[in-house]
Amino acid sequence: MAMWRAAARQLVDRALGSRAAHTSTGSKKIVGVFYKAGEYADKNPNFVGCVEGALGIRGWLESQGHQYIVTDDKEGPNCELEKHIEDMHVLITTPFHPAYVTAERIKKAKNLELLLTAGIGSDHIDLPAAAAAGLTVAEVTGSNTVSVAEDELLRILILLRNFLPGYQQVVQGEWNVAGIAHRAYDLEGKTVGTVGAGRIGRLLLQRLKPFNCNLLYHDRLQIDPELEKEIGAKFEEDLDAMLPKCDVIVINTPLTEKTRGMFNKERIAKMKKGVIVVNNARGAIMDAQAVADACSSGHIAGYGGDVWFPQPAPKDHPWRYMPNHAMTPHISGTTIDAQLRYADGVRDMLDRYFKGEDFPVQNYIVKEGQLASQYQ
């Protein structure tokens with residue numbers, strides 16, 4: 001039913017968009033940067049997270065007299081985004097096709113008031129520059145928590161069970177059980193550690209509990225003792241002490257100046273030989289070449305994730321060609337279910353912005369010159 005309700009809302013939205021828009025003194029110019037769907041745009045009425053779907057808010061915005069520009073063209077001095085930077089009031093971006101909002105772009109954006117992230121993770125924005133300029137930065141907190149945690153569990157299993165070589169054998173007309181089984185393992189009984197235990201990290205730990213794993217976590221703060229006991233997870237204050245204990249390590253920390261390049265050659269060397277690493281957080285947390293080298297040497301037995309730096313990943317990115325990886329484009333948090341949640345969240349915040357109302361407090365990344373704690 002939710003699917004058809006969303007489809008019906010889109011039809012109403014398009015009808016609203018066809019009305020002659022009236023311009024008022026409160027009219028705003030809103031720019032959205034999303035990935036282009038192309039031939040897939042019409043295959044699902046709820047595919048709203050793309051350029052063509054435009055978050056399903058075009059008619060609603062235009063019926064109120066606002067201008068809504070949507071593009072996927074975000075790089076270089078002559079891109080479509082650059083044409084609108086000087087006079088836009090709101091910029092909506094997404095982690096899946098990030099428009100990098102640099103200090104230079106912020107300086108050019110004389111009318112800019114609000115930066116919204118359709119999803120979770122606003123590190124593609126120069127947050128100190130945004131704070132210094134008095135901008136508000138907000139995201140749809142919690143919108144794709146379930147989506148990302150489920151994807152992390154999927155990649156853990158894919159890598160542990162050595163699934164991808166088996167799939168490739170079938171596609172290539174081969175049959176070699178030994179070629180898969182010699183490095184396939186159960187998840188039960190393994191020690192899994194998450195670096196970061198925020199919303200996604202905690203949910204992953206909860207999802208892992210039925211697999212009878214030994215669960216560890218490292219974070220700035222210890223989670224609620226009752227939840228910790230319920231999950232059966234142990235807090236590890238010292239990251240470097242936790243790493244050699246883990247058969248599987250999952251990265252669930254935001255990208256900040258402190259975590260950028262956190263997993264370099266020296267830290268990777270502290271991991272157990274044959275470790276599985278899953279990273280759906282941010283690519284720049286890892287030293288890309290150090291990861292590729294560790295996969296080639298076998299120190300990392302398998303690396304999986306959907307985050308790269310930069311994005312889209314260049315064709316010569318070393319992770320494309322390293323052995324035993326389970327990498328994809330940035331897809332974990334943009335399932336259809338997640339798209340509907342973050343589209344609703346963006347619409348809600350825009351509505352509040354037009355009315356001069358505050359956003360839900362957990363959505364703020366920058367407010368009144370102050371960065372959220374996770375980015376400090």
Side-chain angles (χ1 to χ4, degrees), residues 6 9-38 41 47-102 104-119 122 124-125 129-130 133-140 339-340 342-359 363 365-366:
R9 191 180 71 186
Q10 277 196 291
L11 290 172
V12 171
D13 189 69
R14 288 172 186 152
L16 285 169
S18 66
R19 299 177 189 172
H22 62 281
T23 304
S24 66
T25 55
S27 177
K28 302 293 184 180
K29 182 174 183 178
I30 299 154
V31 177
V33 181
F34 313 115
Y35 54 83
K36 187 173 285 187
F47 193 3
V48 296
C50 55
V51 167
E52 295 86 346
L55 299 183
I57 59 175
R58 180 179 296 282
W60 172 68
L61 288 172
E62 293 179 352
S63 71
Q64 299 183 62
H66 304 298
Q67 185 181 7
Y68 188 33
I69 308 294
V70 178
T71 183
D72 71 325
D73 186 17
K74 61 189 180 70
E75 304 292 345
N78 299 315
C79 70
E80 185 67 20
L81 173 59
E82 285 290 333
K83 297 175 185 176
H84 303 286
I85 283 179
E86 288 190 4
D87 63 345
M88 65 185 180
H89 299 92
V90 180
L91 176 61
I92 307 170
T93 58
T94 171
F96 316 107
H97 185 71
Y100 293 102
V101 184
T102 61
E104 181 182 2
R105 279 179 162 172
I106 289 171
K107 188 176 180 181
K108 290 181 188 175
K110 304 300 183 183
N111 291 342
L112 186 60
E113 298 171 344
L114 175 62
L115 290 160
L116 291 177
T117 298
S122 299
H124 54 285
I125 298 167
L135 302 178
T136 296
V137 181
E139 58 189 42
V140 190
Q339 289 176 46
L340 293 174
Y342 61 69
D344 282 345
V346 167
R347 178 171 174 150
D348 175 69
M349 286 191 287
L350 284 173
D351 190 43
R352 291 169 184 258
Y353 162 69
F354 298 144
K355 295 174 179 176
E357 299 175 357
D358 283 343
F359 302 158
N363 288 7
I365 302 301
V366 176

> Name the one of Ile30, Leu114, Val101 that satisfies side-chain contact (heavy atoms from CB on, under 4.5 Å) with Leu91?
Replying inline: Val101
> At what distance, to the nearest 0.5 angstrom, does SG of Cys50 lie from OH of Tyr35?
Replying inline: 6.5 Å
>> Is there a side-chain contact between His89 and Tyr353 in this structure, where contact means two heavy atoms from C-beta onward sitting under 4.5 Å apart?
In response: yes
> Is the closest side-chain heavy-atom distance between Lys28 and Phe354 below 4.5 Å?
Replying inline: yes
> Could you give the distance from CG (Asp358) to OG1 (Thr136), rounded to the nearest 0.5 Å?
Replying inline: 9.0 Å
> Less than 4.5 Å apart, any side-chain heavy atom of Thr117 and any of His124?
Replying inline: yes
> Are Glu104 and Lys107 ion-paired here, with the side-chain N under 4.0 Å from a carboxylate O?
Replying inline: no
>> Contact between Leu350 and Arg347 at the side-chain level, heavy atoms closer than 4.5 Å - yes or no?
In response: no
> Taking all atoms of both residues into account, what is the closest heavy-atom pair of Ala129 and Ile106, and its distance?
Replying inline: CB-CD1, 3.9 Å
>> In the structure I gave you, are the side-chain heavy atoms of Met349 and Val140 within less than 4.5 Å of one another anywhere?
In response: yes
> So which heavy atom on Gly119 is nearest to which on Pro95, and how close?
Replying inline: CA-CD, 4.5 Å
>> I'd like to know if the side chain of Gln339 and the backbone of Val48 have a donor-acceptor N/O pair within less than 3.5 Å.
In response: yes
> Looking at Ile85, Asp73, Thr71, Asp72, which one forms a side-chain contact (heavy atoms from CB on, under 4.5 Å) with Cys79?
Replying inline: Asp73
>> Does any part of the side chain of Thr93, heavy atoms only, come nearer than 4.5 Å to the side chain of Tyr100, both counted from C-beta?
In response: no
> ring-ring contact (aromatic ring centres under 6.0 Å, His included) with Phe359: which residues, sequence neighbours excluded?
Replying inline: Tyr364
> To the nearest 0.5 Å, how far apart are NZ in Lys36 and NE2 in His97?
Replying inline: 9.0 Å
> Once you round to the nearest 0.5 Å, how far does CG of Asn363 lie from CG of Leu116?
Replying inline: 9.0 Å
>> How about CD on Glu86, more than 12 heavy atoms from neighbouring residues, nucleotides or ligands closer than 6.0 Å, or not?
In response: no
>> Using 0.5 Å steps for rounding, measure from the CG atom of Leu115 to the CD1 atom of Ile365.
In response: 11.5 Å
> What pair of heavy atoms forms the shortest contact from Ala99 to Leu81, and how long is it?
Replying inline: CB-CD2, 3.9 Å
> Between Phe47 and Ala37, what is the shortest heavy-atom contact and its length?
Replying inline: CE2-CB, 3.6 Å
>> Please check: side-chain N/O of Glu113 versus main-chain N/O of Val90, any donor-acceptor pairing under 3.5 Å?
In response: no
> Of the non-hydrogen atoms in Ala118 and Thr94, which two are nearest, and what is the gap between them?
Replying inline: O-OG1, 3.6 Å
>> For Leu135 and Val366: C-alpha separation, side-chain torsions, deciding distance, then whether side-chain contact (heavy atoms from CB on, under 4.5 Å) applies.
In response: CA-CA 7 Å; Leu135 302 178; Val366 176; 5.9 Å; no
> Closest approach of Glu75 and Pro98, non-hydrogen atoms and distance?
Replying inline: OE2-O, 4.2 Å
